[in-house]
> 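First the structure, which I've put down as structure tokens, then a few questions once you've had a look.
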Amino acid sequence: MLIQSITLLSSISFIYYGIMCLFSKKMILEFERFGLTNSQRLLTGALQLLGSVGLLIGLGNALVGLIAAIGLTLLMLLGFFTRLKIRDSLGQSLPSFVFMLLNAYLALSYAGYI
């Protein structure tokens with residue numbers, strides 16, 4: 001039950017942030033603040049959406065869940081390093097770190113099912 005709950009939380013969050021990343025003016029400004037390009041913003045949004053779908057598929061297919069969880073873990077690791085690089089506050093940096101840990105936990109859990 002815990003794996004399913006974390007999977008749903010992460011997946012719903014990444015669907016939301018993926019859509020925001022692709023279409024939100026606020027996210028356009030954030031990526032500019034991060035020093036990243038428009039292409040990087042679009043890639044990030046697409047990867048978030050792809051990862052969220054992969055997590056949902058992972059509820060029935062552990063290999064797909066594993067791949068998605070690893071991808072989202074790496075994406076959030078890069079996001080966390082970006083936040084550190086631009087010297088964001090702990091409050092601004094913490095969400096990427098927490099989602100990195102949650103998806104790493106999912107990856108380890110899915111690895112045990114393969």
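All values below were derived from every heavy atom in this structure, side-chain atoms included, with hydrogens, water molecules and symmetry-related copies excluded.
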> Examine Ile3 and Leu66 and state if one hydrophobic cluster contains both, with Ile, Leu, Val, Met, Phe, Trp and Tyr joined whenever side-chain heavy atoms are less than 4.5 Å apart.
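Yes; Leu66 is reachable from Ile3 via cluster members.
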> As an exercise, state the distance from CG of Leu47 to CG of Leu42, rounded to the nearest 0.5 Å.
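Result: 11.0 Å between the selected atoms.
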> Distance-only, no hydrogens or angles: does the Ser52 side chain make a donor-acceptor pair with backbone N or O of Leu49 under 3.5 Å?
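A pair under 3.5 Å: yes.
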> Find the distance between CG (Leu94) and CG (Leu101) and round it off to the nearest 0.5 Å.
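With rounding to 0.5 Å, CG (Leu94) is 9.0 Å from CG (Leu101).
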> Under a 3.5 Å cutoff, is there a donor and acceptor pairing between the side chains of Gln40 and Thr37?
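Side-chain D/A pair, Gln40 to Thr37: present.
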> Where do Tyr110 and Leu55 come nearest, in terms of heavy atoms and distance?
OH-O, 3.9 Å
> Linking I/L/V/M/F/W/Y whenever their side-chain heavy atoms sit closer than 4.5 Å, directly or via other members, would Ile28 and Phe31 fall into one cluster?
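As far as the 4.5 Å side-chain criterion goes, Phe31 and Ile28 are not connected within one cluster.
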> Just checking Phe80 against Phe99, ring centres under 6.0 Å apart?
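Not under 6.0 Å, so no.
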> Roughly how far, to the nearest 0.5 Å, is CG of Leu2 from CG of Leu106?
8.5 Å
> Determine whether Arg33 and Asp88 satisfy the following criterion, side-chain contact (heavy atoms from CB on, under 4.5 Å), listing intermediate values before the conclusion.
CA-CA 11 Å; Arg33 187 174 73 84; Asp88 271 355; 2.7 Å; yes
> Would a distance-only check, ignoring hydrogens and angles, find a side-chain to backbone donor-acceptor pair under 3.5 Å from Ser93 to Leu90?
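Checked: no pair found.
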> Is there side-chain contact between Gln92 and Arg83, with at least one heavy-atom pair below 4.5 Å?
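The answer is yes, as the side chains (C-beta and beyond) meet within the 4.5 Å cut-off.
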> Are there over 12 heavy-atom neighbours, none belonging to Phe97, within less than 6.0 Å of that residue's CZ?
no
> Hey, what do you get for CG (Leu78) to OG1 (Thr73), rounding to the nearest 0.5 Å?
11.0 Å
> Do you know the tightest heavy-atom contact between Ser96 and Met76?
O-CB, 3.4 Å
> Answer yes if Leu56 and Val64 sit in the same cluster of Ile, Leu, Val, Met, Phe, Trp and Tyr residues linked by side chain heavy atoms under 4.5 Å apart, and no otherwise.
no
> Nearest 0.5 Å please: distance from the CE atom of Met27 over to the CG atom of Leu22.
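So the gap between those two atoms works out to 9.5 Å.
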> From Ile19 CD1 over to Gln48 CD, what is the distance, rounded to the nearest 0.5 angstrom?
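Between Ile19 CD1 and Gln48 CD, I get 10.5 Å after rounding to 0.5 Å.
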> Taking the six-membered ring for Trp and the single ring otherwise, decide whether the centroids of Phe14 and Tyr17 are under 6.0 Å apart.
no
> With a 3.5 Å distance limit and no angle check, can you tell me whether Ser10 reaches the backbone of Ile6 through a side-chain donor-acceptor pair?
no
> Testing the 3.5 Å rule here: is there a donor-acceptor pair between the side chains of Ser11 and Tyr16?
no
> Heavy atoms only: give me the nearest Ala107-Ile70 pair and the separation to one decimal.
CB-CG1, 3.9 Å
> If hydrophobic clusters are built by linking Ile, Leu, Val, Met, Phe, Trp and Tyr wherever their side-chain heavy atoms come under 4.5 Å apart, do Leu36 and Phe23 end up in the same one?
no
> Linking I/L/V/M/F/W/Y whenever any side-chain heavy atoms sit under 4.5 Å apart, do Leu9 and Leu59 land together?
yes
